[in-house]
K.L.:
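Let me give you the structure first, and then I'll get to my questions.
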Amino acid sequence: MNEQQLANANALVKERQEEVPSLPKASMTEKQVGQKRRRQPDYSEKVLAVEDLHVSFKTFGGEVQALRGVSFDLYKGETLAVVGESGCGKSVTANTIMGLIPQPPGQIKSGRILFKNRDLTKLDKAALRTVQGVDISMIFQDPMTALNPTLKIGEQLTEGLRTHQKVSKAEARKKAIELLEIVGIPNPEERLKQYPHQFSGGMRQRIVIAIALICEPELLIADEPTTALDVTIQAQILELFEEIQARTGVSIILITHDLGVVAKIADRIAVMYAGKVIEIGDKREVFYSPQHPYTKGLLASVPRLDLKEEELQPIEGTPPDLFAPPVGCPFTARCPFAMEVCERVYPGTTELSETHKVDCWLQDARAKHVFA
Amino acid sequence: MAIYIVKRFFMMIATILIIATLTFFLMHSIPGSPFDDERTSNPTIQANLEKYYKLDQPTHIQYLNYLKAIVTFDFGPSIKKPNESVNTQLARGFPISLELGLVTILVAVLSGITLGTFAALRHNGIVDYGAMAFAVIGISVPNFVLATLLIQQLAVNLQWLPPATWSSPKHMILPTLALATGPTAIIARLTRSSMLEVLTQDYMKMARAKGLSPFRIVFRHALRNALMPVVTIMGTMLAGILTGTFVIERIFAIPGMGKYFVESINNRDYPVIMGSTVFYSAFLVFMLFLVDIVYGFLDPRIKLHRKEGDA
Ligand SMILES: Nc1ncnc2c1ncn2[C@@H]1O[C@H](COP(=O)(O)OP(=O)(O)OP(=O)(O)O)[C@@H](O)[C@H]1O
Ligand code: SF4
Ligand SMILES: [Mg+2]
């Protein structure tokens with residue numbers, strides 16, 4: 001931002017200050033935020049750093065700017081929840097880290113994905129294959145379609161291991177049986193010989209998880225792993241995640257729409273909007289004192305037992321068009337606090353605490369003194 | 001699976017019986033008799049001949065005799081070539097037709113699948129467009145036209161290959177090309193579209209996420225699923241190719257089944273018509289039966305009714 005823009009921004013903030021209404025209380029109650037867990041993430045060891053990632057897709061209608069500068073870190077043994085409306089770029093983020101963006105039409109325009117001191121965006125396909133399924137694994141949304149219907153479970157479990165590590169068939173089988181036991185599939189030895197259609201949805205998701213774990217990855221990316229499952233099974237799968245994390249210390253990126261899931265197992269939360277991370281912080285920070293108006297809206301739109309139905313407040317309007325994203329804050333059109341500066345200049349990232357960061361003019365240091 | 005096979009087997013027998021019956025009555029409803037063109041024929045000789053071949057008996061007796069012939073697989077001698085039994089003719093003609101048919105299917109399946117797979121993997125690339133242009137032409141040009149063109153260009157003009165008969169592998173090239181192009185094109189198109197669909201499936205993404213080799217991803221994960229629809233049409237395609245051989249055989253003067261079959265209809269040579277029809281349809285129905293079983297092995301979900309999962 002240059003001097004002139006800064007001056008303009010300050011002026012605009014000043015102009016609008018009287019119109020800013022008081023912020024609604026939109027934090028969650030203590031009960032909804034999950035209980036303390038046994039395992040603690042190790043914040044001294046960074047596993048993954050995503051830096052200013054831009055990803056676009058060329059389509060007939062033009063270029064979709066799916067990611068427009070996504071940054072976040074991930075530490076050992078922690079669970080980072082990524083939330084946000086449909087189309088905000090959660091899956092694209094996951095797929096880019098995993099090296100699964102089809103190029104073309106996709107393109108990593110800029111940014112870095114640092115994993116173990118290597119920039120994954122710079123790796124060629126062969127080098128990427130030594131990371132995929134080995135160091136980083138992915139769990140997909142729909143267990144009914146994620147398994148190949150014509151291959152036995154045993155082969156689908158062991159093929160990754162047999163590709164990446166020099167293990168014998170017998171060893172791979174042993175490992176597969178062990179893992180099926182861990183993920184809670186009874187009679188694993190017999191089950192290895194069966195096909196996916198012989199398992200229920202919940203069972204299949206357990207198998208998908210087992211497949212993801214077979215090479216003992218350091219990072220697990222789960223893209224809406226429970227969305228396709230019914231509620232009781234959802235809870236079981238989430239418990240399985242916690243158990244696995246406690247056992248192996250794996251770091252998890254959990255993409256979800258479900259704030260209940262977030263409350264249960266996340267350590268930190270990244271809120272995405274229109275291809276950007278607009279707020280990120282410790283679970284408590286984001287749940288109890290959300291600072292971005294979008295985050296507040298998101299929390300306010302969650303059904304709560306202690307509120308009547310009418311008090312649910314869905315966020316009105318739709319996210320911006322990613323073919324021609326706005327230059328300023330993308331939430332401007334829907335934001336009750338929008339100021340003129342919001343529309344013209346993208347807010348910088350404000351660090352509210354060591355962990356809590358937000359992209360909003362309301363939190364900007366220059367705006368703060370205006371409010372004071 | 002075993003129950004399924006037994007069931008299919010009995011259905012197969014029933015199908016053959018129905019075809020045989022239809023053939024019998026259709027054959028008898030064609031006007032004329034085997035002795036029409038006999039210049040020397042006078043009513044007495046005709047009556048004697050009919051008596052000799054038991055054609056003077058009531059239809060239902062003839063039908064029963066016919067059924068007996070089917071079960072014992074003995075259709076007696078040909079009427080036109082009395083020194084040759086129907087079985088001898090079949091034994092001479094069928095292996096040649098079968099050879100032509102099998103080589104054609106082999107060529108069509110291998111090249112069709114290869115072409116379709118590469119077209120899908122290079123979706124919207126040059127290979128894709130080239131393969132699909134070929135497919136459109138291959139499907140729309142009838143095989144007898146193609147056969148004539150091939151003979152004209154490769155045999156007559158360029159003199160690279162022999163124009164007719166069936167005496168060496170070199171002689172097999174043109175008829176096989178003529179017969180295989182259509183099925184190749186159909187298989188290529190089908191493989192391509194089903195491969196394109198399979199490539200977008202979640203389990204393919206999962207296979208890539210495992211960091212497997214591209215070879216394994218294509219051949220182990222994609223192809224088997226992509227081939228299901230191809231296997232499904234194999235049955236009818238097989239029938240098409242095996243009957244298509246009749247036309248091609250005539251164009252290339254190949255002494256296969258087609259020759260005897262066409263001649264026998266022209267001559268109303270009843271035993272040969274019946275023998276070759278029943279034999280041929282039995283063969284086709286059996287091939288369809290085989291295709292079904294292969295499909296069952298390729299797609300584990302077919303066995304579903306036998307052993308239900310715990311789902
Ligand atoms: N292959 C692609 N071609 C074109 N556009 C794409 C492609 N993949 C994703 N996009 C676009 O990128 C944007 C982000 O998509 P993404 O799938 O990441 O959303 P999401 O946050 O995962 O949404 P959801 O919650 O519905 O899964 C969308 O606007 C989408 O249209
Ligand atoms: S920066 Fe965006 S979110 Fe913050 S007040 Fe302005 S419009 Fe609203
Ligand atoms: Mg998604």
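Per chain, numbering begins at 1; letters A, B, ... match sequence-line order.
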K.L.:
For L147(A), is it the side chain, the backbone, both or neither that has a heavy atom under 4.5 Å from a heavy atom of chain B?
P.N.:
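Both parts, heavy atoms under 4.5 Å.
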
K.L.:
Looking at F140(A) and A209(B), what are the two nearest heavy atoms and their distance?
P.N.:
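Where F140(A) meets A209(B) most closely, the heavy atoms are CZ-CB, 4.2 Å.
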
K.L.:
Which one wins on heavy-atom pair count under 4.5 Å against chain A: R208(B), R224(B), H221(B)?
P.N.:
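So the answer, after comparing R208(B), R224(B), H221(B), is H221(B).
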
K.L.:
Taking all heavy atoms of P149(A) and all of N225(B), pick out the closest pair and write down the distance.
P.N.:
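Closest heavy-atom pair between P149(A) and N225(B): CG-OD1, 3.5 Å.
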
K.L.:
Is the number of heavy atoms from other residues, nucleotides or ligands within 6.0 Å of CD (E197(B)) greater than 12?
P.N.:
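Open: at most 12 neighbouring heavy atoms sit under 6.0 Å from CD of E197(B).
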
K.L.:
When heavy-atom pairs shorter than 4.5 Å are enumerated against chain B, which of I136(A), I139(A), L151(A) gives the highest number?
P.N.:
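Option with the top pair count is L151(A).
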
K.L.:
Of all of T145(A), I221(A), L128(A), which one pairs up most often with chain B through heavy atoms under 4.5 Å apart?
P.N.:
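Winner by heavy-atom pair count: T145(A).
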
K.L.:
Can you give me the closest heavy-atom contact between R129(A) and L212(B), atom names plus distance?
P.N.:
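So the two residues come closest at CD-O, 3.0 Å.
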
K.L.:
Within a 6.0 Å radius of atom CZ on R8(B), are there more than 12 heavy atoms belonging to other residues, nucleotides or ligands?
P.N.:
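More than 12 within 6.0 Å, yes.
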
K.L.:
Answer whether the closest heavy-atom distance between the side chains of Q141(A) and D202(B) falls below 4.5 Å.
P.N.:
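They are not in side-chain contact.
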
K.L.:
Given a strict heavy-atom distance threshold of 4.5 Å, which part of S137(A) is in contact with chain B: side chain, backbone, both, or neither?
P.N.:
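Neither part.
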
K.L.:
If we only count heavy atoms from C-beta on, is the M206(B) to V208(A) side-chain gap below 4.5 Å?
P.N.:
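Side chain of M206(B) against side chain of V208(A), heavy atoms only: contact under 4.5 Å found.
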
K.L.:
What distance do D142(A) atom CG and Q201(B) atom CD have between them, rounded to the nearest 0.5 Å?
P.N.:
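It comes to 10.5 Å.
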
K.L.:
Does the side chain to side chain contact (heavy atoms under 4.5 Å, CB included) test come out yes or no for M228(B) and T150(A), once each step is laid out?
P.N.:
CA-CA 10 Å; M228(B) 296 296 170; T150(A) 58; 3.7 Å; yes

K.L.:
Specify which of V134(A), V131(A), T130(A), N95(A) makes the most heavy-atom pairs with chain B at under 4.5 Å.
P.N.:
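Top option by heavy-atom pairs under 4.5 Å: N95(A).
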
K.L.:
Does CZ belonging to F118(B) count more than 12 external heavy atoms closer than 6.0 Å?
P.N.:
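No - once you tally the heavy atoms of other residues, nucleotides and ligands closer than 6.0 Å, there are 12 at most.
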
K.L.:
Test K210(B) against every option in M138(A), Q132(A), E159(A) by the side chain to side chain contact (heavy atoms under 4.5 Å, CB included) rule and name the one that passes.
P.N.:
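Of the listed residues M138(A), Q132(A), E159(A), the side chain to side chain contact (heavy atoms under 4.5 Å, CB included) partner of K210(B) is E159(A).
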
K.L.:
Can we say R220(B) and E155(A) salt-bridge, meaning some charged N sits less than 4.0 Å from an Asp/Glu carboxylate O?
P.N.:
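Yes, this pair counts.
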
K.L.:
Around atom NZ of K193(A), are there more than 12 heavy atoms of other residues, nucleotides or ligands at under 6.0 Å?
P.N.:
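Incorrect, the count does not exceed 12.
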
K.L.:
Please look at I211(A) and chain B and tell me whether the side chain, the backbone, both or neither of the residue comes under 4.5 angstrom of a heavy atom of that chain.
P.N.:
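Just the side chain, heavy atoms under 4.5 Å.
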
